[in-house]
Amino acid sequence: MKQRLIISAGASGNRLSIARHFAANGAAVAICDAIEEAVVVVSAEFDLATVCDSPDAEAMDGFVKDAASRLKWTTAVFANAGTAGPTANLEDINPDDRSRANAVNLTGQYTRLKSTIPHLKAQGRGAVILMSSATGRLGLPMRSPYTAAKLGVIGLKETLAMDLGPHGISVNATLPGSVTGPRMYAVLTAKAKVMDISLERARAAEVANVSMQRVIDPQGIAELAWFLASPAARSVSGQSVGVCGNFETLR
């Protein structure tokens with residue numbers, strides 16, 4: 001069965017790794033992203049690439065309609081937009097920064113799913129994959145807006161798995177740990193500044209939280225997404241699946 005993926009925020013970071021992994025394995029892929037320059041750079045790689053900010057309900061409806069028409073039917077929807085949000089103690093966080101983190105990481109999930117769920121129900125099958133985080137299970141110092149939103153994603157997954165199961169639709173969440181790339185560099189830089197420590201020390205502390213003593217390659221998330229979208233995972237639903245190297249011991 002040929003995979004057909006709709007993925008939001010798919011033009012950069014680990015989301016781009018997911019989209020490329022599906023395409024490299026023969027899937028038809030439709031992506032959207034809020035960053036126009038990023039969409040232009042990768043547009044030739046996919047069946048559809050559109051500029052769309054995930055919290056924008058009207059734009060998301062248009063993207064999903066175009067994607068459904070282009071792909072004909074959909075095996076998987078990856079609701080994947082995210083932002084790191086502020087790194088600071090709660091009392092020092094700007095309310096606008098907090099609101100933006102919540103809008104992208106949680107409210108944006110509602111927007112994407114509201115557009116795609118009717119399409120999946122009409123098919124009578126499909127897989128929904130939500131991007132949460134290991135921090136949504138454990139918490140993370142100085143990252144309260146991000147952590148709260150990612151925990152909300154897990155709660156959303158639990159309910160949707162019950163609601164959509166009767167329609168033949170699985171719903172799971174991926175929980176990545178610290179992933180290599182520009183976002184993690186920015187987070188560690190901000191953390192080092194707030195804690196008045198070197199960037200090298202902040203990096204070492206991040207790895208110390210991981211039993212396997214390494215950060216995560218985006219390819220690992222892509223391979224997990226491929227499995228969750230595949231027939232091999234047809235009875236896997238309602239699960240929060242960690243890809244974090246056992247991110248357990250916060251120090």
side-chain hydrogen bond (donor to acceptor under 3.5 Å, both in side chains) against [X], all qualifying residues, sequence neighbours excluded:
X: Ser240; value: Lys157
X: Thr87; value: none
X: Thr174; value: none
X: Ser132; value: none

Quick one: [atom1] on [X] to [atom2] on [Y], what's the gap to the nearest 0.5 Å?
X: Lys121; Y: Ile117; atom1: NZ; atom2: CD1; result: 6.5 Å
X: Lys2; Y: Trp73; atom1: NZ; atom2: CH2; result: 9.0 Å
X: Leu160; Y: Ser237; atom1: CG; atom2: OG; result: 9.5 Å
X: Ile7; Y: Leu16; atom1: CD1; atom2: CG; result: 8.5 Å
X: Ile221; Y: Ile129; atom1: CD1; atom2: CD1; result: 12.0 Å
X: Lys150; Y: Met131; atom1: NZ; atom2: CE; result: 6.5 Å

Is the backbone N or O of [Y] less than 3.5 Å from a side-chain atom of [X], with the two atoms forming a donor-acceptor pair by type?
X: Asn105; Y: Ala101; answer: yes
X: Ser133; Y: Thr135; answer: yes
X: Ser43; Y: Val40; answer: yes
X: Ser99; Y: Asp96; answer: no
X: Thr50; Y: Cys52; answer: no

Under the side chain to side chain contact (heavy atoms under 4.5 Å, CB included) rule, collect the residues that match up with [X], sequence neighbours excluded.
X: Ser17; result: Pro218
X: Ser198; result: Glu200, Arg201
X: Gln219; result: His21, Asp217, Ala222, Glu223

Taking the side chain as C-beta and beyond, is there a heavy-atom pair between [X] and [Y] under 4.5 Å?
X: Arg98; Y: Asn102; value: no
X: Val241; Y: Phe227; value: no
X: Pro86; Y: Arg143; value: no
X: Leu5; Y: Leu71; value: no
X: Arg125; Y: Leu120; value: no

(request) From the options Val153, Ile154, Leu138, select the one residue that forms a side-chain contact (heavy atoms from CB on, under 4.5 Å) with Leu175. (result)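 The single option meeting the side-chain contact (heavy atoms from CB on, under 4.5 Å) with Leu175 is Ile154.
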(request) Kindly give the heavy-atom pair with the smallest separation between Ile93 and Ser144, and that separation in Å. (result)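 The pair with the smallest heavy-atom distance is CD1-OG, 3.6 Å.
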(message) Regarding Ser8 and Arg112, do their side chains bring together a donor and an acceptor under 3.5 Å, going by distance alone?
(response)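 Looking only at side-chain atoms, Arg112 and Ser8 do form a donor-acceptor pair, the distance falling under 3.5 Å.
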(message) Test: salt bridge (charged side-chain N to carboxylate O under 4.0 Å, His left out). Region: residues 31-44. Which pairs qualify, not counting sequence neighbours?
(response)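 As it turns out, there is no salt bridge (charged side-chain N to carboxylate O under 4.0 Å, His left out) pair with a partner in residues 31-44 once direct neighbours are skipped.
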(request) Give every residue pair that meets the salt bridge (charged side-chain N to carboxylate O under 4.0 Å, His left out) criterion with at least one member in residues 38-52, sequence neighbours excluded. (result)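 Passing the test, one end in residues 38-52: Arg20-Glu45.
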Please say yes or no: joined through hydrophobic side-chain contacts below 4.5 Å, possibly via intermediate residues, are [X] and [Y] part of one cluster?
X: Val51; Y: Leu48; answer: no
X: Phe78; Y: Val42; answer: yes
X: Val39; Y: Ile18; answer: no

If you look only at distance, which donor and acceptor atoms sit under 3.5 Å apart when one is on a side chain in residues 161-173 and the other is two or more places apart or in another chain?
{"residue": "Asn172", "atom": "OD1", "partner": "Gly238", "partner atom": "N", "Å": "3.3"}
{"residue": "Asn172", "atom": "OD1", "partner": "Gln239", "partner atom": "N", "Å": "3.0"}
{"residue": "Asn172", "atom": "ND2", "partner": "Val236", "partner atom": "O", "Å": "2.9"}

(message) Consider side chain to side chain donor-acceptor pair (under 3.5 Å). Of Gln3, His119, Arg4, which one does Thr74 pass it with?
(response)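 It is His119; the other options fail the test.
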(request) Could you list who else is in Ile35's hydrophobic cluster, with ILVMFWY side chains joined at under 4.5 Å, directly or through other members? (result)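 Besides Ile35, the cluster holds no residue at all.
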(request) Could I get the full list of ring-ring contact (aromatic ring centres under 6.0 Å, His included) partners for Phe22, not counting sequence neighbours? (result)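 Listed in chain order: Trp226.
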